[in-house]
Amino acid sequence: QVQVVESGGGLVQAGGSLRLSCAASISINSINRMGWYRQAPGKQRDLVATITSGSSTNYADSVKGRFTISRDNAKNTVYLQMDSLKPEDTAVYYCYIDGRFVRYWGQGTQVTVSS
């Protein structure tokens, strides 16, 4: 059973920062792609950021310049650093890890940004 545990969400004021963590119970050394989605109430789940095994990154236009995705293979963890947060960033954030046969998902962590 693969465990993917997210943490770091919370309530912040607009302009503030949070760092989300996603810790896997398996080695991520050979995981080609990991990333983060988010979903606000009543809206679809949108891709926020991805990172490859070579540390190549991609971001949704809405978060470029504000969010940074990174990975620490030694800790089997992927991070999402979120700066200059806006109320429209409010959502449940889900990390994912693409295994050989399965996409593993975190349980989700709530991020709420007040104006």
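Only this structure's heavy atoms are used, side chains among them; waters, hydrogens and symmetry mates stay out. Only a predicted model underlies this, so the values are computations on that prediction, with no experimental measurement involved.
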Nearest heavy-atom neighbours spanning Arg71 and Asn73: NE-OD1, 3.1 Å
Measure the spacing between CZ of Arg19 and CE of Met82 and express it to the nearest 0.5 Å. 11.5 Å
Shared hydrophobic cluster for Leu85 and Tyr37 (ILVMFWY, side-chain gaps under 4.5 Å): no
Looking only at heavy atoms, what is the nearest atom pair of Gly8 and Leu18, with distance? O-CD2, 3.7 Å
What's in the same ILVMFWY side-chain cluster as Val5, cut-off under 4.5 Å, chained through other members? none
Using a 3.5 Å distance criterion without hydrogens, assess whether the side chain of Thr77 forms a donor-acceptor pair with backbone atoms of Lys75. yes
Can Leu47 be reached from Val78 by stepping across I, L, V, M, F, W or Y side chains whose heavy atoms are under 4.5 Å apart? no
How far apart are the closest heavy atoms of Ala49 and Tyr59, and which atoms are they? CB-CD2, 3.6 Å
Please list, chain by chain and in numerical order, all residues satisfying salt bridge (Lys or Arg N to Asp or Glu O under 4.0 Å) with Lys43, sequence neighbours excluded. none
Say whether Tyr94 and Trp36 are linked into one hydrophobic cluster, either directly or through other cluster members, by side-chain heavy-atom distances under 4.5 angstrom. no
Pair Arg38-Tyr93, side-chain donor/acceptor within less than 3.5 Å: yes
Take Cys95 and Val4 through the side-chain contact (heavy atoms from CB on, under 4.5 Å) test and state the conclusion after the steps. CA-CA 8 Å; Cys95 70; Val4 182; 3.4 Å; yes
Using distance alone, with no hydrogens and no angle criterion, decide if Thr52 and Asn32 have a side-chain donor and acceptor under 3.5 Å apart. no
Once rounded to the nearest 0.5 Å, what's the spacing between atom CD1 of Ile31 and atom CG of Asn29? 9.0 Å
To the nearest 0.5 Å, how far apart are CD in Gln1 and CD1 in Ile26? 11.5 Å
State the CG-OG1 distance between Asn58 and Thr50, to the nearest 0.5 angstrom. 4.5 Å
Under 3.5 Å, side-chain donor or acceptor atoms of residues 103-115 against the rest of the protein: list the pairs with distances, not counting sequence neighbours.
from	atom 1	to	atom 2	distance (Å)
Arg103	NE	Asp98	OD1	2.7
Arg103	NH2	Asp98	OD1	3.4
Arg103	NH2	Asp98	OD2	3.2
Gln107	OE1	Glu6	N	3.1
Gln107	NE2	Glu6	O	3.0
Thr109	OG1	Gly9	N	3.3
Gln110	NE2	Ala91	O	3.4
Gln110	NE2	Thr112	OG1	3.3
Ser114	OG	Val12	O	3.4
Ser114	OG	Gln13	OE1	2.5

Can you name the nearest heavy-atom pair linking Asp72 to Ile28, along with the distance? O-CD1, 4.0 Å
Between Leu80 and Thr68, does a side-chain contact (heavy atoms from CB on, under 4.5 Å) hold up when you go through it step by step? CA-CA 6 Å; Leu80 186 68; Thr68 304; over 6 Å; no
Answer yes when Asp89 and Lys86 have at least one side-chain N-carboxylate O distance shorter than 4.0 Å, and no when they do not. no
Checking Ile51 against Ser56 for the side-chain contact (heavy atoms from CB on, under 4.5 Å) test, could you report, in this order, the C-alpha distance in whole Å, the side-chain angles of both residues, the deciding distance, and whether it holds? CA-CA 5 Å; Ile51 186 166; Ser56 177; over 6 Å; no
Looking at OG of Ser53 and CZ of Arg33, how far apart are the two atoms once the value is rounded to the nearest 0.5 Å? 8.5 Å
Can you tell me how far the CG atom of Leu20 sits from the OH atom of Tyr79, to the nearest 0.5 Å? 12.0 Å
